[in-house]
Every structure is written in structure tokens, then in C-alpha cells.
**Student:** 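The structure that follows is given in the form of C-alpha cells.
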Amino acid sequence: MKIIGFITAIGGLISGCAYPQTTPWQPQIDTPCDNKSHCVSTLEQREKFKLAPFTLTAQGAQRWSDIIAVAQTLPGAKLIEHDGNYFHIEVTSAVFGFVDDFEVKQHAQQLHVRSISRSGYSDFGVNRKRAQQFRTRLIEQQLIHDTSTTSN
């Protein structure tokens with residue numbers, strides 16, 4: 001009984017200021033992250049929220065459906081919307097069932113990527129790890145360039 005109470009208390013602490021989403025989803029891919037530590041984006045200039053660019057290979061620029069398929073392999077991913085050069089995935093955590101939003105938009109030879117938690121203040125680095133996992137899988141499929149080995 002004490003364990004159940006403890007787990008419930010921890011869940012409440014982790015969810016922090018959690019609130020259910022009551023309004024319909026609107027794409028936020030072009031929106032800067034707020035000041036909470038639960039968002040990362042390739043369009044951000046602030047170091048805390050910034051992701052390195054995702055630069056498409058010639059092959060990646062022609063294989064949008066493969067990029068969507070790679071995103072759908074992320075743990076807890078469910079494709080919600082896709083059209084033309086944009087898609088939105090909801091990612092549900094296995095333990096507490098928190099929902100995060102993962103968006104990708106192709107712009108010229110770049111992928112704009114944004115991952116944000118719907119609730120709470122901090123995500124303990126989950127969104128950054130998810131974006132990195134997506135990057136690694138895209139590199140493995142030769143859909144984006146591996147810029148980690150590029151020197152200036």
C-alpha cells in the first residue's frame with residue numbers, strides 16, 4: 001500500500017503543472033519554444049532549446065514518406081497529421097502516459113524539427129533525446145547528412 005502511495009505521489013510531482021489539452025491541435029513548428037525546459041527546436045536560437053540542423057541528403061529530399069516512417073519508429077509514436085511537407089506525431093510515454101508533440105517540416109534542404117511536452121515544466125531531457133534518436137535513425141537511412149563529424 002505504501003508503494004502505491006509513493007508511486008502516485010511521484011507521478012503527481014513529475015506531472016507538475018499538468019493540464020489536459022482541451023483545444024484542437026494547431027501546428028506549432030514555426031513557433032519558438034516558451035521559457036520552460038520542455039521544448040527543443042531546430043529553429044531556436046537560444047542554446048537551451050536549440051537543435052543542430054537536419055540537412056537532407058539528395059536521397060532524403062526525395063523520400064518524404066521514408067522520413068515519416070522513421071519518425072513512426074520512435075517509442076510511443078502515433079502519426080496524427082501529415083500533408084505535403086509537414087507531419088505531427090504524438091508520442092506517449094510508457095510509464096505515466098504523458099503526451100508530447102513531435103513535428104517535422106521540410107523546408108528546402110532542411111528539416112525543421114520541434115519536440116515539446118504538453119505538460120509540466122521540465123521533461124528531464126526527453127525531447128532532446130527523442131530528436132537525437134530521430135537524427136541517428138535518419139543518418140542510418142542516409143536521409144540526412146551526419147554533421148557531427150563536420151569541422152569548421
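Side chains included, hydrogens not; waters and symmetry mates left out as well; all remaining heavy atoms used.
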**Student:** Taking side chain as C-beta onward, heavy atoms only, is L111 less than 4.5 Å from I67?
**Tutor:**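 They are in contact (side-chain heavy atoms under 4.5 Å apart), so the answer is yes.
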**Student:** Should P27 and K105 count as side-chain neighbours, where that means a heavy-atom distance under 4.5 Å?
**Tutor:**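 A side-chain contact under 4.5 Å is absent here.
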**Student:** Verify the distance criterion only: is there a donor paired with an acceptor across the side chains of T55 and Q110 at less than 3.5 Å?
**Tutor:**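 A donor-acceptor contact under 3.5 Å links the two side chains.
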**Student:** From Q72 CD over to F102 CZ, what is the distance, rounded to the nearest 0.5 angstrom?
**Tutor:**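 Q72 CD to F102 CZ: 11.5 Å, rounded to 0.5 Å.
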**Student:** Pair R135, D146 - check salt bridge (charged side-chain N to carboxylate O under 4.0 Å, His left out), show working.
**Tutor:** CA-CA 9 Å; R135 179 187 306 278; D146 183 356; over 6 Å; no
**Student:** Taking V126 as the starting point, is it possible to reach V91 by hopping between hydrophobic residues whose side chains are less than 4.5 Å apart?
**Tutor:**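 No, V91 and V126 fall in different hydrophobic clusters.
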**Student:** Given side-chain contact (heavy atoms from CB on, under 4.5 Å), test L79 with I68 step by step and report yes or no.
**Tutor:** CA-CA 8 Å; L79 182 64; I68 295 172; 4.0 Å; yes
**Student:** For side-chain contact (heavy atoms from CB on, under 4.5 Å), just list the numbers for Q28 and D101, CA-CA rounded to whole Å, side-chain angles, deciding distance to a tenth of an Å, and then say yes or no.
**Tutor:** CA-CA 9 Å; Q28 298 176 31; D101 294 295; 5.7 Å; no
**Student:** Side chains of V113 and F134: closer than 4.5 Å at any heavy-atom pair?
**Tutor:** yes
**Student:** Which heavy atom of W64 sits nearest a heavy atom of N85, and at what distance?
**Tutor:** CZ2-C, 3.3 Å
**Student:** Flag the pair E44 / L51 as yes when at least one side-chain heavy-atom distance between them is below 4.5 Å, and no otherwise.
**Tutor:** no
**Student:** Say whether, by atom type as modelled, one donor and one acceptor occur between the side chain of T57 and the main chain of H145 under 3.5 angstrom.
**Tutor:** no
**Student:** E103 side chain to H88 main-chain N or O, any donor-acceptor pair under 3.5 Å?
**Tutor:** no
**Student:** Establish, from distance only, whether the side-chain atoms of S117 and N127 form a donor-acceptor pair under 3.5 Å.
**Tutor:**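 There is such a pair between these side chains.
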**Student:** Do Y86 and F54 sit in the same hydrophobic cluster, where Ile, Leu, Val, Met, Phe, Trp and Tyr count as joined when their side-chain heavy atoms come under 4.5 Å apart?
**Tutor:** no
**Student:** Any heavy-atom pair between the side chains of R46 and N35 that's under 4.5 Å?
**Tutor:**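 Touching, per the 4.5 Å side-chain cut-off.
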**Student:** Got E81 and F87 here, is their nearest side-chain heavy-atom distance under 4.5 Å?
**Tutor:**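 Not touching, per the 4.5 Å side-chain cut-off.
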**Student:** Answer yes if the side chains of R114 and T42 hold a donor-acceptor pair under 3.5 Å, and no otherwise.
**Tutor:** no
**Student:** Please report the C-alpha distance between D100 and R118 in whole Å, then the side-chain angles of each, then the deciding distance to 0.1 Å, and finally whether the salt bridge (charged side-chain N to carboxylate O under 4.0 Å, His left out) criterion is met.
**Tutor:** CA-CA 5 Å; D100 295 347; R118 286 190 186 171; over 6 Å; no
